[in-house]
Amino acid sequence: MGGSKKPPVYLAFLHRMSKPLQEKLSMINYIPGTFDEKEALGIMGPESTNTEHLRSAMNRHVIQNYGVHQRFNIHGILRDCISEYMLIKDLPLVRGRFCRIFSEILQELENKSFTSDYQRALCQLNMEQQNFNKLLTDVLHCTSDTYHIFVNIASFQFNLTTPAFLFNSPDSYEMGMMFFKECLRLTQQHKNKYDSSKVLSGLGSVITNIKGDYILGEHHYRNALRIRQGGQTVRDCSLAFLYQSLGWNLGCQGKSQQAIVFLEKALTIEIELGMSLENLILNTLQSLALFHLDLDHMDIGEKYQLEALRRRRQAIGTDMHPILGAMLNNVGEMYQKKGHISQAEQYFRRGLEIKTQTNAAWKSIALSEVNVANILTESGRPDEALEVLDSSMKRAGKFQNIYEDIRSLISECFGKAFMEKRMHKEAVGHFRKAVRRHGCSQSRDYGVLNSQCLLAECLIGLKKHEEAIDLINSALRQKDAAIRHKPSTLNILRCYRILRNAQSAIGKYSDAHISHEQGCREYERLKECFYKEEGMEKVRIEWTDHT
């Protein structure tokens, strides 16, 4: 019975306050989480230039002060009473203020997350998380006054290295999908194609980088690009962001040549706009480095990589930042491509150390752990690699149904470590997961060829030659696409070698001879591809040393 009397008691307490104070409290109560003085004054309106009402509410113990971060909150029981009995007189007005205040804060903190103020921005992002969640769900109450606020949020270039990124948990990802789809509906309702393209670009980025679904992400980018190309093309930041994002997506699918075309378009616009140390152009330079290196354009890739690193260090001012951890990881990949394994491991470990110490997002940390584990396996230390991967996979449990691309990489890395230990049964299980996850997030073609080759080699180790032959024959259907997107790929040559060996092992010598001849033709094609490059040695090793 005592509990049922509480609301009237608290209600009477609230009603003893002045009407102006009651009205201001109902406005502040619209903020669901903790807030600071500036936010409280903003939600009360432009006339609230002093803290009189805030101090009065604190003196009456309605609002509590959390001194460490100068944050405030309304007492929990009183919040419920205010929500139920002290309705906001002009709800659309207060909702509009809320959206403007917290969208500006979100943009400010995201901008700071790319600077040396990262840790402070991360701290406030965490404190504001509840308020940002409400900001996103308020899109369902969008008006003409808040329309552009939500479209602007949908087109933010979020810092994906931070764990406070809005959509990087399964629940928040689903909320993000609701937000973007509602924004898209609003742009269509307003018949604003330019805004539709911006929202589609943002949606593509979340699906590509959080969900790990490159095919769906590319679909949204292509739709955005079609809209931009259908009207008067304004060469602005949003078009550069779209080109860059589509380039990144295509590169992640193994379509490095296509990726570079779009990234160079992005870079041209960024230079025209006078960019030098902005996050947009720095991401473009880094992406160009990665995909040129993937195509074995070592000199060009190294030039872009070192320039991107130099500028990023200048922009941030310290190496102790998740983005610098990611860039050092990328430098490690460059050295790995050049065959400098010891230097590669040093950069991978330094990048991982920085990411761990600066509380980077799980995906970012996992990418470094995969690279460290691959180097350990490559240098004959598979047990150490498995320890690294076990740690990464345990943390992956918190991110069900997102980051499918990274899960595929982890599974493939597990398979390599078990393969090095001659534990083919365990390796097959992990390679199957990698292929399956790869297929869910990417087109079933050249993007998954390497995993299919590794799986086939382990199947041969288990004497499952027929299954290996079927798998490789299926993979070779994508031969032309694989060569078109990466002329220097060794995967086709590898397929013919595996196929030849499997056929020979079960006495299919005629088939093995055909596979050998096809492999020799592919070998000759690669000789032309590497004519002026230091790459033929790995081609000879791939084909001759396994003969």
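Everything quoted here is computed from the prediction, not taken from an experiment. Positions are given from 1, in the same order as the sequence printed here. When reading the values below, keep in mind they use all heavy atoms of this one structure, side chains included, and skip hydrogens, waters and symmetry mates.
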Would you call the rings of H321 and Y118 parallel, tilted or perpendicular, where under 30° means parallel and over 60° means perpendicular? tilted
Parallel, tilted or perpendicular: rings of H292 and Y304 (30°, 60°): parallel
For N330 and Q305, does a side-chain donor sit closer than 3.5 Å to a side-chain acceptor? no
Candidate pair V199 and F150, rule side chain to side chain contact (heavy atoms under 4.5 Å, CB included), full reasoning: CA-CA 9 Å; V199 173; F150 292 118; over 6 Å; no
Is it true that [X] and [Y] have a side-chain N and a carboxylate O under 4.0 angstrom from each other?
| X | Y | result |
| --- | --- | --- |
| E104 | R100 | no |
| R95 | D145 | no |
| R71 | E128 | yes |
| K303 | E307 | no |

Derivation and outcome, side chain to side chain contact (heavy atoms under 4.5 Å, CB included), residues L135 and C99: CA-CA 6 Å; L135 172 64; C99 291; 4.0 Å; yes
Do side-chain atoms of [X] reach the backbone of [Y] as a donor and acceptor pair under 3.5 angstrom?
| X | Y | answer |
| --- | --- | --- |
| S201 | K198 | no |
| N131 | G33 | yes |
| Q244 | L280 | yes |
| S408 | E404 | no |
| D36 | E39 | yes |
| T146 | C142 | no |
| Q253 | I215 | no |
| Q64 | H61 | no |
| S18 | L21 | yes |
| K433 | R407 | no |

Measure centre to centre between the rings of F262 and W248, then say whether the value is under 6.0 Å. no
Specify the closest pair of heavy atoms between [X] and [Y], including all atoms of both residues, with the distance to one decimal.
| X | Y | value |
| --- | --- | --- |
| Q258 | R222 | OE1-NH2, 3.4 Å |
| L263 | T284 | O-CG2, 3.4 Å |
| I43 | M27 | CG1-O, 3.6 Å |
| L277 | I281 | N-CG2, 4.4 Å |
| L136 | F179 | O-CD1, 3.5 Å |
| T115 | I316 | C-CG2, 4.1 Å |

Steps toward side chain to side chain donor-acceptor pair (under 3.5 Å) verdict (Y194, S238): CA-CA 10 Å; Y194 177 75; S238 70; 3.2 Å; yes
Measure the shortest side-chain to side-chain distance between [X] and [Y] over non-hydrogen atoms and say whether it is less than 4.5 angstrom.
| X | Y | answer |
| --- | --- | --- |
| Y147 | H190 | yes |
| L324 | T318 | no |
| K486 | S256 | no |
| L184 | T187 | yes |
| E369 | R395 | yes |
| L250 | F291 | no |
| L203 | M177 | yes |
| K112 | R120 | no |

Nearest-0.5 Å distance, [atom1] of residue [X] to [atom2] of residue [Y]:
| X | Y | atom1 | atom2 | result |
| --- | --- | --- | --- | --- |
| Y221 | I207 | OH | CD1 | 9.0 Å |
| M17 | R60 | CE | CZ | 5.5 Å |
| T358 | L122 | OG1 | CG | 9.0 Å |
| N283 | L267 | CG | CG | 12.0 Å |
| L285 | L309 | CG | CG | 11.5 Å |
| L41 | K24 | CG | NZ | 10.0 Å |

In terms of heavy-atom contacts, does NZ of K193 have more than 12 from other residues, nucleotides or ligands at under 6.0 Å? no
Exceeds 12 heavy-atom contacts within 6.0 angstrom, atom CZ of R477: no
Any chance you could lay out the side chain to side chain contact (heavy atoms under 4.5 Å, CB included) test for E37 and Q70, step after step, and finish with the verdict? CA-CA 8 Å; E37 184 177 286; Q70 289 301 305; over 6 Å; no
Set out, in order, the CA-CA distance, both residues' side-chain angles and the distance that settles side chain to side chain donor-acceptor pair (under 3.5 Å) for H148 and N152, then state yes or no. CA-CA 6 Å; H148 287 293; N152 186 47; over 6 Å; no
Applying side chain to side chain contact (heavy atoms under 4.5 Å, CB included) to S83 and N29, what does each step give before you reach the verdict? CA-CA 7 Å; S83 297; N29 196 52; 2.9 Å; yes
